[in-house]
Amino acid sequence: MRTGSVPLTDLDGGFDLQATLESGQTYLWTREDGATYAADGARGGDAWYSTVVDGEVIRVRQRDDLLEWESTTDAESRLFDLLALDDDLPAIRAGANDDDLIRAAYERYWGLRIVRDPFFGCLVSFICSAQMRVSRIHGMQLALAREFGTAYTVGGETFRAFPRPDQLAARTEGELRELKLGYRAPYVQRTAEMVADGEAHPREAVGLPYEEARESLTRFVGVGDKVADCVLLFSLGYLQAVPLDTWIRSAIAEHYPECDRGNYAKTSRALRERLGGEYAGYAQTYLFYYLRARGE
DNA sequence: ATCCAGGATGTAT
DNA sequence: ATACATCATGGA
């Protein structure tokens with residue numbers, strides 16, 4: 001294993017690994033101490049997290065102002081990409097609407113970055129997210145990796161990659177239901193087939209104007225506007241995407257009632273402008289984590 | 001027991 | 001285009 005470390009004081013705006021990985025954006029990392037993601041956003045700890053990307057095992061942990069990593073390859077540039085370490089956080093925040101709520105959320109979780117997940121794992125994660133809590137979505141993705149993903153053994157420890165499209169496409173709906181995916185099982189199976197067969201691929205959305213990209217992703221089974229927004233935001237680099245989930249919808253009702261325009265597209269557009277346009281997805285994600293931690 | 005969780009789909013209007 | 005029922009599962 002190669003090792004290295006990134007001095008976080010060099011980054012624009014610092015970094016918070018726990019907030020980034022446990023805030024419900026990504027479900028493709030494993031916390032090695034076995035602790036479940038803190039639903040209340042409890043801070044602290046310097047746990048190791050691991051993932052497998054393109055056949056390379058990557059482990060990271062944060063110790064104060066140092067991000068330590070260990071990997072089967074030189075992982076530094078990969079980490080900059082996956083964890084958006086090159087995003088200019090102060091500039092992003094400066095471009096956001098600065099009301100009391102947004103300010104509080106940014107201050108509480110400062111250093112949280114919008115991840116850039118591998119697209120297939122992200123797509124499946126958010127198909128599974130329908131009417132599910134964060135901890136269970138994570139559990140589903142770990143189960144998919146454990147049952148159907150390729151194993152890599154390094155230093156006596158085994159790491160499981162998230163399954164490739166063909167690996168999931170080869171499973172039956174029944175096998176996926178055994179992992180407690182419920183009614184999402186056929187969605188995952190059919191979407192995996194679409195990608196494996198070359199019928200469609202999430203990356204075809206890249207480069208399209210934002211709302212066209214969202215529409216493009218809804219061709220996958222189990223993907224509506226909300227899940228499409230999550231994939232755009234957490235995998236494909238569309239930082240203006242504002243997913244409207246139940247938490248954000250209640251926040252709209254309580255704090256931004258004028259943004260409720262009746263349907264998804266118009267409401268999302270209104271909230272996007274309200275939250276700061278180009279980087280509205282950042283404010284949305286800080287807000288989501290903040291509100292969920294407070295249990296509102 | 002009832003409600004709810006990062007919703008989507010099929011059908012009727 | 002919009003309204004509605006239906007879909008699994010488990011924790012509060």
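Throughout, a chain's letter reflects where its sequence line sits, starting with A, and its residues are numbered from 1.
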Hydrogens and angles aside, do [X] and [Y] bring a side-chain donor and acceptor to less than 3.5 Å of each other?
X      : Y      : answer
A:E173 : A:Y183 : no
A:D65  : A:T9   : no
A:Y282 : A:D87  : yes

Donor-acceptor contacts, no H, no angles, side chain residues 214-233 of chain A, under 3.5 Å, sequence neighbours left out:
residue, atom, partner, partner atom, Å
A:R214, NH1, A:Y210, OH, 3.3
A:R214, NH1, A:D229, OD2, 3.4
A:S216, OG, A:R219, NH2, 3.1
A:T218, OG1, A:E215, O, 2.6
A:R219, NE, A:S216, O, 3.2
A:R219, NH2, A:E204, OE1, 3.1
A:D229, OD1, A:Y210, OH, 2.6
A:D229, OD2, A:Y210, OH, 3.4
A:D229, OD2, A:Y264, OH, 2.6

Pull out every protein N or O sitting under 3.5 Å from an N or O of nucleotides 10-13 of chain B, one pair per line with the distance.
none

Pull out every residue in residues 268-282 of chain A that has a heavy atom closer than 4.0 Å to any atom of DNA chain C, ordered by number, or say none.
none
Exercise: identify the closest heavy-atom pair between A:A293 and A:Y109:
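Minimum heavy-atom contact is CB-OH, 3.3 Å.
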Taking all non-hydrogen atoms of both residues, which atom of A:I102 and which atom of A:N97 are closest, and how far apart?
CG2-O, 3.5 Å
So, A:R190 side chain and A:Y187 main chain: donor-acceptor pair closer than 3.5 Å or not?
no
Please tabulate, for side-chain N and O atoms in residues 142-157 of chain A, each donor-acceptor pair with protein atoms closer than 3.5 Å (sequence neighbours left out).
residue, atom, partner, partner atom, Å
A:T150, OG1, A:R164, NH1, 3.4
A:T150, OG1, A:Q167, NE2, 3.0
A:T153, OG1, A:T158, OG1, 3.2

Rounding to an integer number of Å, can you tell me how far [X] [atom1] sits from [N] [atom2]?
X      : N     : atom1 : atom2 : value
A:L181 : B:dA8 : CG    : P     : 15 Å
A:Q131 : B:dA8 : CD    : P     : 9 Å
A:Q25  : B:dG6 : CD    : P     : 14 Å
A:M132 : B:dG7 : CE    : P     : 10 Å
A:R214 : B:dA8 : CZ    : C1'   : 15 Å
A:F126 : B:dA5 : CZ    : C1'   : 14 Å
A:M140 : B:dG7 : CE    : C1'   : 12 Å
A:H138 : B:dG6 : NE2   : P     : 14 Å

Quote, to the nearest angstrom, the [atom1] distance that separates [N] from [M].
N      : M      : atom1 : answer
B:dA8  : C:dG11 : C1'   : 23 Å
C:dG10 : B:dA1  : C1'   : 14 Å
B:dC3  : C:dA5  : P     : 14 Å
C:dC7  : B:dC4  : C1'   : 15 Å

Answer with yes or no whether A:Y183 presents, from its side chain, a donor or acceptor under 3.5 Å of a partner atom in the base of B:dG7.
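Side chain to base: pair present.
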Would you kindly compare A:S135 and A:V221 by the position of their nearest DNA chain B nucleotide and give the one closer to the 5′ end?
A:S135
If you measure from the Lys or Arg side-chain nitrogens to the Asp or Glu carboxylate oxygens, is any gap between A:R59 and A:E32 under 4.0 Å?
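Yes.
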Could you list the donor-acceptor pairs under 3.5 angstrom formed between side-chain atoms of residues 126-137 of chain A and any protein atom two or more places apart in sequence or on another chain?
residue, atom, partner, partner atom, Å
A:S129, OG, A:F126, O, 2.7

Centroid under 5.5 Å and tilt under 30°, A:F288 to B:dG6:
yes
Of all nucleotides in DNA chain C that come within under 4.0 Å of a heavy atom of chain A, which is furthest toward the 5' end and which toward the 3' end?
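From 5' to 3', the first and last contacting nucleotides are C:dT2 to C:dG11.
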Could you tell me whether the side chain of A:I58 reaches within less than 4.5 Å of the side chain of A:V52, counting heavy atoms only?
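A side-chain contact is absent here, since even the closest heavy-atom pair is not under 4.5 Å.
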Contact between A:R93 and A:E107 at the side-chain level, heavy atoms closer than 4.5 Å - yes or no?
yes
What is the nucleic acid contact for [X], judged by heavy atoms within less than 4.0 Å: base, sugar-phosphate only, or nothing?
X      : value
A:R136 : base
A:F234 : base
A:G24  : base

May I ask which nucleotide in the shown strands pairs with B:dA1, Watson-Crick or G-U wobble, both distances under 3.5 Å?
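Matched B:dA1 with nothing under the 3.5 Å cut-off.
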Tested for side-chain contact (heavy atoms from CB on, under 4.5 Å) against A:I248, the lone hit among A:T285, A:L271, A:L275 is A:L271
Are A:T246 and B:dC4 close enough that a side-chain N or O sits under 4.0 Å from OP1 or OP2?
no
